[in-house]
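Just so we're on the same page: letters track the sequence lines, and every chain starts at 1. What you see below is based on every heavy atom in this structure, not just the backbone, and it leaves out hydrogens, waters and symmetry mates.
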Amino acid sequence: AGLEPSPPARPRGRPLRPPRPAELLLLLSCPAFRAHFARLFGGEAAEQWHFANAAPDDEVSEDEEEDQLRALGWFALLRVRPGHGEEAEERGPAVAVAPLGAVPKGAPLMACGSPFGAFCPDIFLNTLSRGVLSNSAGPLLLTDARCLPGTEGGGVFAARPAGALVALVAAPLCWKAREWVGLTLLCAAAPLLRAARAALGRLHPGATALAALLPPEMGAPWGLPLRDPGPPWATAAVLVECSTVWGSGVAVAPRLVVTCRHVAPREATRVLVRSTTPKSAMIWGHVVFATQETSPYDIAVVSLDEDLDGIPMPVPAEHFHEGEAVTVVGFGVFGQTCGPSVTTGILSAVVQVDDTPVMLQTTCAVHGGSSGGPLFSTGSGELLGIVASNTRDNNTGATYPHLNFSIPITVLQPALQKYSQTGDLGGLRELDRATEPVRVVWRLQRPLAEALRSKL
Amino acid sequence: MGRQWGPAMRAAEQAGCVVSAFRAGQPEAGSWSCSGVILSRRPGLVLCHGGIFTPFLRAGSGALTAAGAAFLPGDSCGDDLRLHVQWGPTAASPAGRAERGRTGLCTPHC
């Protein structure tokens, strides 16, 4: 790390062990991880993705970036050389390893790594970061726990099964189309250790004995339900495709999906809605209502030809609490190549006009393709709003996924209910007649007429 | 931090480590480092990221993308590779117990 040396580092209060020599037993990769990586991040869009330890604008040679990409899915098994007289106090429980698939999407995770690697371990060793399992494709996992360069190889642990090692950090940072995605790429631990056992078995006899000492995967004897279904709202988002445009949506009734106008802009247009869980389904529908371009509320309503089965219908919230834990579910980043991603944060602001919430802001990571997806209260599971956009600075072109805007469900619910019950679009048409103060909010302007225009 | 995180925090604290790779006799050439997980303590087995070994591969980084290569033995790296692993006190160690509850944290000025 090229960090400036700061004032002399002082210990965190826990004396570190002196570094111990170790030997490299083998380098290994998980073939399934590499295959899923190639599917998700390769192909035509490969050039859009960057996983380097530096921001896309930083100077990193092509060779260096190529080396980092080649090594991304590789891990190393080391043996620490025993020290003198330390063995007695070096006992400790072996790491418990979660089987692949035991942790559901949306489940809480804790990443533990040392930012900047060996730089200043007194300060940085074993720094913790919390998030959830945002998405998965086989052993390729994504979390929204914030990780930094140097945490590659760090462990990611589950709250349930308690303290189980779920994965190792493969790439702490990634960018798509020069935008920081805010997700950390992980490789599941269980298949990695399976690969290690197989590899050790093919080396010399001494190495074979080591294979038996690798921690086994947790099994039924631990007495924990291994197939936690996860929070029901983690499956609530649907993919909405309208011609060449796609985005997210949420089913508010078995045949009614809410999405954004910029995903499904024209009324009567045919739309394809896909759900991924509990089973993959494709259902055609048509746009029955889309707000006008002049409306600050970027909303469209799709009526489906058939019922969407198996998707839990969300309970709309009636109140919003700034600071409460929230979750966004959407098809951002990967679209239909992967199921919906789950990202978490807090409700950072509730903007009101005349004491009525008209805009919600969150700290969840929201990416292109998440528009129209649901925003939930993590605690109650209630539907808080519909994601409309994240933030872009038009002067610099920078996008900020962790500042995003949602339309409060309280704005939509009466009209949706009326339409559901009577087929009357009158309530939805009212969204085109939002007052000027609401329009000002969604234009990110100050309410005063003489205020400067926002750059955003 | 909520109660649900207690086991995860303990597991992370016990298993987390940092791994450094450098060339024997060439400390001035710098070192490469990453995080790791202690899988077992006797014998000490550690899993870490493979990226820090790229500069030491005899056949260069291309060895990592060779067709079908799922693993490379330790001697794929040059003889001058030296490794250090560092970790904090474990909950099981006397040092770890002695330090529990001590308020020695600091926040260096930016």
With a 4.5 angstrom heavy-atom cut-off, is it the side chain or the backbone of [X] that approaches chain B, or both, or neither?
X: A:Leu193; answer: side chain
X: A:Leu203; answer: side chain
X: A:Val156; answer: neither
X: A:Pro21; answer: both
X: A:Leu165; answer: side chain
X: A:Glu23; answer: backbone

Across all chains, not counting sequence neighbours, the ring-ring contact (aromatic ring centres under 6.0 Å, His included) partners of A:Phe157 are none

Interface residue of largest heavy-atom contact number with chain B, from [options], under 4.5 Å:
options: A:Ala189, A:Ala76, A:Pro115, A:Ala71; result: A:Ala76
options: A:Gly155, A:Ala198, A:Gly154; result: A:Gly154
options: A:Leu168, A:Leu26, A:Val80, A:Leu78; result: A:Leu78
options: A:Pro108, A:Ala158, A:Cys187; result: A:Pro108

Out of curiosity, [X] [atom1] to [Y] [atom2], how far, rounded to the nearest 0.5 Å?
X: A:Arg20; Y: B:Gln86; atom1: CZ; atom2: CD; answer: 11.5 Å
X: B:Phe71; Y: A:Leu27; atom1: CZ; atom2: CG; answer: 11.0 Å
X: A:Leu24; Y: B:Arg82; atom1: CG; atom2: CZ; answer: 12.5 Å
X: A:Arg70; Y: B:Leu64; atom1: CZ; atom2: CG; answer: 8.0 Å

Within a strict 4.5 Å, meaning less than it, do heavy atoms of the [X] and [Y] side chains meet?
X: B:Trp5; Y: A:Leu128; answer: no
X: A:Phe124; Y: B:Val18; answer: no
X: B:Leu39; Y: A:Val97; answer: no
X: A:Leu214; Y: B:Leu47; answer: no
X: A:Leu213; Y: B:Pro43; answer: yes

Between B:Val37, B:Asp75, B:Ile38, which has the largest tally of heavy atom pairs under 4.5 Å with chain A? B:Val37

Could you tell me whether the side chain of B:Ser35 and the main chain of A:Asn126 form a donor-acceptor pair under 3.5 Å?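 Side chain of B:Ser35 to backbone of A:Asn126, a donor-acceptor pair under 3.5 Å: no, none is there.
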
What part of B:Cys48 gets within 4.5 angstrom of chain A, counting heavy atoms only: side chain, backbone, both, or neither? both

Under 4.5 Å to a heavy atom of chain A? For B:Ser40 that would be side chain

Output every pair passing side-chain hydrogen bond (donor to acceptor under 3.5 Å, both in side chains) with a member in residues 25-35 of chain A, not counting sequence neighbours, ordered by first then second residue. A:Ser29-A:Arg34

Scan for salt bridge (Lys or Arg N to Asp or Glu O under 4.0 Å) pairs involving residues 195-208 of chain A, sequence neighbours excluded, and state none if there are none. none

Interface residues of residues 51-61 of chain B facing chain A - non-hydrogen atoms under 4.5 Å apart: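 Near chain A, by residue number: B:Gly51, B:Phe53, B:Thr54, B:Leu57, B:Ser61.
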
